[in-house]
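Below is one structure, written out as structure tokens; comments come after it.
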Protein chains: 2
Amino acid sequence: MLKTLDRAGYHLTGQRRAMAELIASRSDSFTADDLVAEAAEARPPIGRATVFRSLEIFESLGLVERVHVVRSDHAYVVCDPARHHHHLVCERCGRNTEIRDVGIAAIARDLADKTGYRVNSHRFELFGICPDCQTTSPNNS
Amino acid sequence: MLKTLDRAGYHLTGQRRAMAELIASRSDSFTADDLVAEAAEARPPIGRATVFRSLEIFESLGLVERVHVVRSDHAYVVCDPARHHHHLVCERCGRNTEIRDVGIAAIARDLADKTGYRVNSHRFELFGICPDCQTTSPNNS
DNA sequence: TTTACTGCAAACATTTTGCAGATGT
DNA sequence: ACATCTGCAAAATGTTTGCAGTAAA
């Protein structure tokens, strides 16, 4: 992650290292605000503005991605920037599973043919309940 | 559209009728703010708060849907509430083409098997350039 | 040493809310 | 008549920006 930042010409500041650590240690999705809260505790502490600025950079490098979580927009998830992929997010705990391409690209190509659109990108996100949450507390609609 | 509102027990006020008309006349995607501007001109004029409240209702009834347009979140598109579908949005003009299910459901089912998640919903959105915009002004990155 | 980065606090944009009065049923 | 709906303006969110100081290269 740091390597990606460095390679892109960004300074490796203490804050960005701390950000990378905070983000990397997350297996679930998180909001900018979650991060702001944690970041204030980090060493060195990271200000709100910097969190947003970093997220922007991280996103532009494909290290994190914004997903459209039900009932609360703008969550982020960690990504492997190298591969095209999609996300499967647990609606209960926020856990995120990265999905390799599974034939969506072919469907997109097919739709391009049928509609005449030139399809530049697509977004495929799945929401559900992860295995762990299915066993724990099966209550909750 | 009005019928759907009525059947759901909502009052058919002048504002809601006007909203329905504004929305129905759109073949492209629009932001809440677009609508606020138009709504102020409508008769009867519709206030900001009412636009948001109406959009919320319309969305809950499946009459419109929020899509995650690149470079500007929170656009809305008109929907057929009866059918499961996806959206293909033109990045240039905002035009929206509704896509019937094209095998995504099967993929989702397959992923549920592989990951152990109970998949409740998915979101599949495509972005590109519509046929018209491809011929008109082919400049613009 | 030079330019990028950071924090702060203020500015912004967007959406929500309380309340008194208007309106649909 | 009664509950719902509306507008307004204020408040709550969420994100961005200007600027003076700080730190990386």
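Chain letters run A, B, ... following the sequence lines, proteins first and then strands; every chain starts at 1.
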Respond yes when some side-chain nitrogen or oxygen of [X] is under 4.0 Å from OP1 or OP2 of [N], and no when none is.
{"X": "A:Thr50", "N": "C:dC5", "value": "no"}
{"X": "A:His11", "N": "D:dT22", "value": "no"}
{"X": "A:Thr13", "N": "C:dT6", "value": "yes"}
{"X": "A:Gln15", "N": "C:dG7", "value": "yes"}

task: Would you indicate what A:Pro45 reaches in the nucleic acid, counting non-hydrogen atoms under 4.0 angstrom: base, sugar-phosphate, or nothing?
output: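 Here A:Pro45 touches the backbone only, sparing every base.
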message: If you count heavy atoms of other groups shown closer than 6.0 angstrom to CD of A:Glu59, is the number above 12?
response: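 More than 12 within 6.0 Å, yes.
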Closest-nucleotide ordering on DNA chain D, the 5'-leading residue of A:Ala49 and B:Ser54: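 So the residue in question is B:Ser54.
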- request: Applying side-chain hydrogen bond (donor to acceptor under 3.5 Å, both in side chains), run through B:Tyr76 and B:Thr31 and close with a yes or a no.
  value: CA-CA 6 Å; B:Tyr76 291 81; B:Thr31 63; over 6 Å; no
task: Please round to the nearest 0.5 Å and tell me the distance separating atom SG of B:Cys133 and atom CZ of B:Arg95.
output: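 These two atoms lie 7.5 Å from each other.
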query: Can a donor-acceptor pair under 3.5 Å be found between the side-chain atoms of B:Arg16 and the base atoms of C:dG24?
result: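 By the distance-only test, no, there is no pair.
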task: Indicate, yes or no, whether a donor-acceptor pair under 3.5 Å links the base of C:dG24 to the side chain of B:Arg17.
output: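 Such a pair does not exist between side chain and base.
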Integer-rounded Å distance: [N] [atom2] and [X] [atom1]:
{"X": "B:Asp6", "N": "C:dT23", "atom1": "CG", "atom2": "C1'", "result": "16 Å"}
{"X": "A:Phe52", "N": "D:dT15", "atom1": "CZ", "atom2": "P", "result": "4 Å"}
{"X": "B:Leu55", "N": "C:dT16", "atom1": "CG", "atom2": "C1'", "result": "13 Å"}
{"X": "B:Leu2", "N": "C:dG24", "atom1": "CG", "atom2": "C1'", "result": "14 Å"}
{"X": "B:Tyr10", "N": "C:dT25", "atom1": "OH", "atom2": "C1'", "result": "16 Å"}
{"X": "A:Glu56", "N": "D:dG14", "atom1": "CD", "atom2": "C1'", "result": "14 Å"}
{"X": "B:Ile46", "N": "C:dT23", "atom1": "CD1", "atom2": "P", "result": "15 Å"}
{"X": "B:Leu12", "N": "D:dT6", "atom1": "CG", "atom2": "P", "result": "11 Å"}

Full working for side chain to side chain contact (heavy atoms under 4.5 Å, CB included) between A:Phe58 and A:Val64: CA-CA 6 Å; A:Phe58 282 49; A:Val64 300; 3.9 Å; yes
message: For B:Arg48 and A:Pro44, find the nucleotide of DNA chain C closest to each by heavy atoms; which residue's nucleotide sits nearer the 5' end?
response: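 The residue mapped nearer the 5' terminus is A:Pro44.
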query: Taking atom types as modelled, is there a side-chain donor on A:His122 or A:His84 under 3.5 Å from an acceptor on the other?
result: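 Their side chains do contain a donor-acceptor pair, which is all the 3.5 Å distance test asks for.
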